[in-house]
Amino acid sequence: MRIVLLGPPGAGKGTQADLLRKRLEVPVLSSGDLLREAVRRGDPVGQEASRYMESGALVPDDVVVGLILERLRSIGPSQSFVLDGFPRTEHQARVLEERLAGEGQAPIDVVVDFQMEEEKVVERLAGRRICGACGTVYHLRTLRPARADRCDRCGGRLEVREDDRPETIRRRLAVYREQTEPLLEHYEQQGKLRRLSGEMEIEAQYQALIDLLHREGLR
Ligand code: AP5
């Protein structure tokens, strides 16, 4: 099954994608993670992307599309995958559809929109910590590391994400409303859009997601 996870910042896309990866062993392609890796490497793509990401703006379509399409090459024509945070604009969605169709690949089956009230996003993201070395995500209240400032997985230092400052979160929310919400209509018209609350506990959200995917035909 080919799944797209959509929703505002902090709605749990990355967390749920990670659970699907671990429990269903399905490959996950996260545009945010790919961009942050490029920023950490300091290569030209990362240097260009960081200017946009730090301000809360979307990175230009051609940069993101290039990264995702490159990763898609390693995926078989009917292999399952989860896309986290991509596509984010109608243009990205159309390029993805053309690429899959052009290569005789299976299309996207279902698009899950995690919904969350904007006021709750700022509060939730204030507690996020991310490992500066391996990128593992924690939350000071809901997904606590054993030690407050160290990654359980690799011992790296836990940091506040550069774009998790309240003013940048508000910008990201505005960008989401203006540039990504119109994409919901695109998938609604295709009959692929399903909605789930992003405000449940992490495990409850995962169970609701799995139930939904079973209803959509996941075996
Ligand atoms: P990206 O990394 O994709 O950021 P985002 O979409 O703003 O989403 P977040 O990562 O903030 O939230 P999430 O929904 O994944 O929540 P998470 O599971 O981490 O993108 C960052 C930037 O890269 C963009 O602003 C843009 O510049 C650029 N970019 C990325 N993709 C792009 C694209 N396609 N086109 C152009 N530019 C692009 O959870 C958040 C926190 O809450 C965590 O601490 C987690 O532990 C906790 N948590 C999760 N679920 C729950 C729950 N149910 N209950 C309680 N706590 C929870």
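Start at 1 and go down the list; that is how both ligands and their atoms are numbered.
The atoms of ligand 1 that sit less than 4.0 Å from any heavy atom of Tyr138 are 43 (C), 44 (O), 46 (O). Within ligand 1, counting atoms from 1 as listed, the ones closer than 4.0 Å to a heavy atom of Leu35 are 23 (O), 28 (C), 29 (N), 30 (C), 38 (C). Interface atoms of ligand 1 facing Arg172, defined by a heavy-atom separation under 4.0 Å, are 4 (O), 5 (P), 7 (O), 9 (P), 11 (O). Shown in contact with Gln92 at under 4.0 Å from a heavy atom are these atoms of ligand 1, numbered in order with element: 33 (C), 34 (N), 35 (N), 36 (C). Near Arg36, with a cut-off below 4.0 Å to any heavy atom, the atoms of ligand 1 are 2 (O), 21 (C). Contact atoms of ligand 1 toward Val137: 43 (C), 44 (O) (distance under 4.0 Å to a heavy atom of the residue). Taking a cut-off of under 4.0 Å to the non-hydrogen atoms of Leu143, the atoms of ligand 1 that pass are 46 (O). Listed by number with element, the atoms of ligand 1 under 4.0 angstrom from any heavy atom of Gly14 are 13 (P), 15 (O), 18 (O).
The protein atom (non-hydrogen) at minimum distance from atom 45 (C) of ligand 1 is Thr15 OG1, 3.6 Å. Counting only heavy atoms of the protein, atom 8 (O) of ligand 1 lies nearest to Lys13 NZ, 3.2 Å. The nearest heavy-atom contact from the protein to atom 47 (C) of ligand 1 is His139 CD2, 3.7 Å. Scanning all protein heavy atoms for the shortest distance to atom 4 (O) of ligand 1 gives Arg161 NH2, 3.2 Å.
Residue contacts with ligand 1: Met200 is placed with a nitrogen or oxygen under 3.5 Å of a nitrogen or oxygen of the ligand (distance criterion only). For ligand 1, the polar-atom distance check against Asp84 finds no nitrogen or oxygen pair separated by under 3.5 Å.
Using modelled atom types, no side-chain atom of Thr142 and backbone atom of His139 make a donor-acceptor pair closer than 3.5 Å.
Proximity of Thr142 to ligand 1, defined as any heavy-atom pair under 4.0 Å, is confined to the side chain (atoms from C-beta onward). At a 4.0 Å heavy-atom cut-off, ligand 1 touches Ala57 through the backbone alone.
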Review point. Going through the checks in order, is the side chain to side chain donor-acceptor pair (under 3.5 Å) test met by Gln179 and Gln92?
Key: CA-CA 11 Å; Gln179 299 186 51; Gln92 292 178 11; over 6 Å; no
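Among the candidates Lys192, His186, Glu185, the single residue satisfying the side-chain hydrogen bond (donor to acceptor under 3.5 Å, both in side chains) test with Gln189 is Glu185.
At least one heavy atom of Leu125 sits less than 4.0 Å from an atom of ligand 1.
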